Amino acid sequence: MSEEIQNFIRSLYGYECPVPLHEPSLGREEQEIILECLKSGYVSSAGPMVGRFELDFSKAVNSPYAISMVSGTAALHMGLLVCDVGPCDEVLTQSLSFVATCNAIHYTGARPTFIDISPKTLGLCPDSLQAFLEGNTHQTKGGLVNKNTGNLIKAVIPMHVFGLPCEIDKIARICQKWNLVLIEDAAEGLGSKYKGQQVGTFGDVGIFSFNGNKIITAGGGGMLVTADEKIAERAKHLSTTAKVSHPWLFQHDEIGYNYRMPNINAALGIAQLGKLDVFLREKRMIAAKYQNFFENRPELYVTEPDNSHSNFWLNAIVFPSGERRDFFIKNSNQKNIFVRPVWEPIHNLTMFKSCDRGPLIETNRLADLLVNLPSSPIKEICNGD
Ligand SMILES: *Cc1c(COP(=O)(O)O)cnc(C)c1O
């Protein structure tokens, strides 16, 4: 029954106020560093907080290079550009993702081609990826061609859905074998690990988001990580309007982007990153409570996949039927408990309807049954004041 779940959510998050899906936890540390940033006068691009945040971040995820961006979407776009994805190319990705993944592909002039997800991880299914490559492509001198469209397949973008790590080692091996670029959309995956390694650090490029609803926020922003020095340098150059370094001259050697994170956002990011471990502990505690509650219920709680450690950014359940799910969502929202259905699969959106795809059986099935439950870290504990 809906009511039992709602009562349980109320027992976690309180009885009076609306229960948001996920809201940031901000406290004294954030106030202090923002004030420090304001007093310094450096609030816009190229302040000292940006470099500090990038260094802190690269240490936190154990990646040699981290380059900040204005958003996760910008980081994805930049990641595709520096991996030479361009007009008429194709990128294999999952349809069950936030629309930004495919918007970024489209910005480069490339198109997404959709591969099914695995029901255990909700991320890109390595077997479906392998099957698509074996059945639908042939190698040419110019690269790997999709037989259905005649276009070159350049890259693969798996996404770590709700922070649950996908089977990234298998996907990485397939990319190596077929000579495809691997870009991880780890926008939701900060703090999630696969076989002990931070997700987002398995491919050529990984990206993260610091939007207000993510596990840490910078007000807005993103990060591109890579182990490749050349990629890092090119991402930094292209995202700072391709300006040639000089004390006063304005020389630009190609079409660039204004994608670097402002200093004031980086300041907020530093304070939030400092609390990541606290958030992770708290979120894993909430997840354990949800998992325990759903143990003997008709709805299935989506548990941590094998070999992985999830940040449990958003908790998710699978309803036994679409009607029951839709009733639960409507009824809960009327009671100010803001549960949400999973995204409409991207292959159903008008902009991407015509894109090529493999079979999308699990994508279509789960899109009708999945619900995200309120998952904010609990305030009293995280704010510390
Ligand atoms: C949030 C998100 C993004 C985009 O990040 P923004 O910072 O909002 O631009 C991209 N991909 C996924 C999967 C996301 O959840």
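Computed over heavy atoms, backbone and side chain alike; hydrogens, waters and symmetry mates excluded. These figures come from a predicted structure and were not determined experimentally.
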[Y] backbone acceptor or donor facing [X] side chain under 3.5 Å:
{"X": "His252", "Y": "Glu254", "answer": "no"}
{"X": "Ser376", "Y": "Ile378", "answer": "no"}
{"X": "Asn136", "Y": "Phe132", "answer": "yes"}
{"X": "Arg325", "Y": "Asp368", "answer": "yes"}
{"X": "Lys154", "Y": "Asp84", "answer": "yes"}
{"X": "Ser192", "Y": "Val199", "answer": "no"}
{"X": "Arg284", "Y": "Ser310", "answer": "yes"}
{"X": "Ser95", "Y": "Ile346", "answer": "yes"}
{"X": "Glu32", "Y": "Glu29", "answer": "no"}

[atom1]/[X]: more than 12 non-hydrogen atoms of other groups inside 6.0 Å:
{"X": "Glu344", "atom1": "CD", "value": "yes"}
{"X": "Lys243", "atom1": "NZ", "value": "yes"}
{"X": "Lys147", "atom1": "NZ", "value": "yes"}
{"X": "Leu249", "atom1": "CG", "value": "yes"}

So which heavy atom on [X] is nearest to which on [Y], and how close?
{"X": "Phe293", "Y": "Glu4", "value": "CZ-O, 3.6 Å"}
{"X": "Glu184", "Y": "Thr201", "value": "OE2-N, 3.2 Å"}
{"X": "Ala235", "Y": "Ile67", "value": "CB-CD1, 4.4 Å"}
{"X": "Leu26", "Y": "Lys275", "value": "C-NZ, 4.3 Å"}
{"X": "Thr121", "Y": "Pro305", "value": "CG2-CB, 3.8 Å"}
{"X": "Val19", "Y": "Pro374", "value": "CG1-CB, 3.5 Å"}

[X] versus [Y]: any side-chain heavy-atom pair under 4.5 Å?
{"X": "Tyr301", "Y": "Asn292", "answer": "no"}
{"X": "Asp204", "Y": "Thr226", "answer": "no"}
{"X": "Leu349", "Y": "Trp343", "answer": "no"}
{"X": "Asp185", "Y": "Gln94", "answer": "no"}
{"X": "Leu280", "Y": "Ile215", "answer": "yes"}
{"X": "Ile171", "Y": "Phe202", "answer": "no"}
{"X": "Glu36", "Y": "Ile33", "answer": "yes"}
{"X": "Phe312", "Y": "Ser375", "answer": "no"}

Rounded distance (nearest 0.5 Å) linking atom [atom1] of [X] with atom [atom2] of [Y]:
{"X": "Leu190", "Y": "Gln272", "atom1": "CG", "atom2": "CD", "answer": "10.5 Å"}
{"X": "Asp116", "Y": "Thr363", "atom1": "CG", "atom2": "OG1", "answer": "3.5 Å"}
{"X": "Arg340", "Y": "Leu370", "atom1": "CZ", "atom2": "CG", "answer": "15.0 Å"}
{"X": "Ile153", "Y": "Asn179", "atom1": "CD1", "atom2": "CG", "answer": "12.5 Å"}
{"X": "Asn263", "Y": "Tyr42", "atom1": "CG", "atom2": "OH", "answer": "9.0 Å"}
{"X": "Asn265", "Y": "Phe210", "atom1": "CG", "atom2": "CZ", "answer": "10.5 Å"}

Between [X] and [Y], is there shared hydrophobic-cluster membership here, with clusters defined by ILVMFWY side-chain heavy atoms closer than 4.5 Å?
{"X": "Met351", "Y": "Phe114", "value": "yes"}
{"X": "Ile231", "Y": "Ile157", "value": "yes"}
{"X": "Phe8", "Y": "Val371", "value": "yes"}
{"X": "Ile174", "Y": "Ile117", "value": "no"}
{"X": "Met261", "Y": "Val70", "value": "no"}

Output yes when [X] and [Y] qualify as a salt bridge under the 4.0 Å nitrogen-oxygen rule, no when they do not.
{"X": "Arg173", "Y": "Asp169", "value": "yes"}
{"X": "Glu299", "Y": "Arg324", "value": "no"}
{"X": "Lys236", "Y": "Glu233", "value": "no"}

Original post:
Under 30°, 30 to 60°, or over 60°: which ring-plane class applies to Tyr107 and His77, parallel, tilted or perpendicular?
Top reply: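 Plane angle over 60°, so perpendicular.
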**OP:** Name the orientation class of the two ring planes belonging to His22 and Trp313 (parallel below 30°, tilted from 30 to 60°, perpendicular beyond 60°).
**Re:** tilted
Between [Y] and [X], do the side chains contain a donor N or O and an acceptor N or O under 3.5 Å apart?
{"X": "Ser68", "Y": "Glu54", "value": "yes"}
{"X": "His237", "Y": "Asp253", "value": "yes"}
{"X": "Asn151", "Y": "Glu90", "value": "yes"}
{"X": "Gln6", "Y": "Ser332", "value": "yes"}
{"X": "Asp356", "Y": "Thr113", "value": "no"}
{"X": "Asn258", "Y": "Thr241", "value": "no"}

**OP:** List the steps, then state whether side chain to side chain contact (heavy atoms under 4.5 Å, CB included) holds for Val205 with Val181.
**Re:** CA-CA 9 Å; Val205 163; Val181 166; over 6 Å; no
Subject >> Phe208 and Phe57 aromatic centres sub-6.0 Å >> reply: yes
Subject >> Step-by-step side chain to side chain contact (heavy atoms under 4.5 Å, CB included) determination, Ile183 to Leu80 >> reply: CA-CA 8 Å; Ile183 298 172; Leu80 287 155; 3.7 Å; yes
Subject >> Residues Phe162, Val302; criterion side chain to side chain contact (heavy atoms under 4.5 Å, CB included); working and verdict >> reply: CA-CA 10 Å; Phe162 313 143; Val302 183; over 6 Å; no
**OP:** Please step through side chain to side chain contact (heavy atoms under 4.5 Å, CB included) for the pair Val342 and Leu366, ending with a clear verdict.
**Re:** CA-CA 9 Å; Val342 72; Leu366 287 163; over 6 Å; no
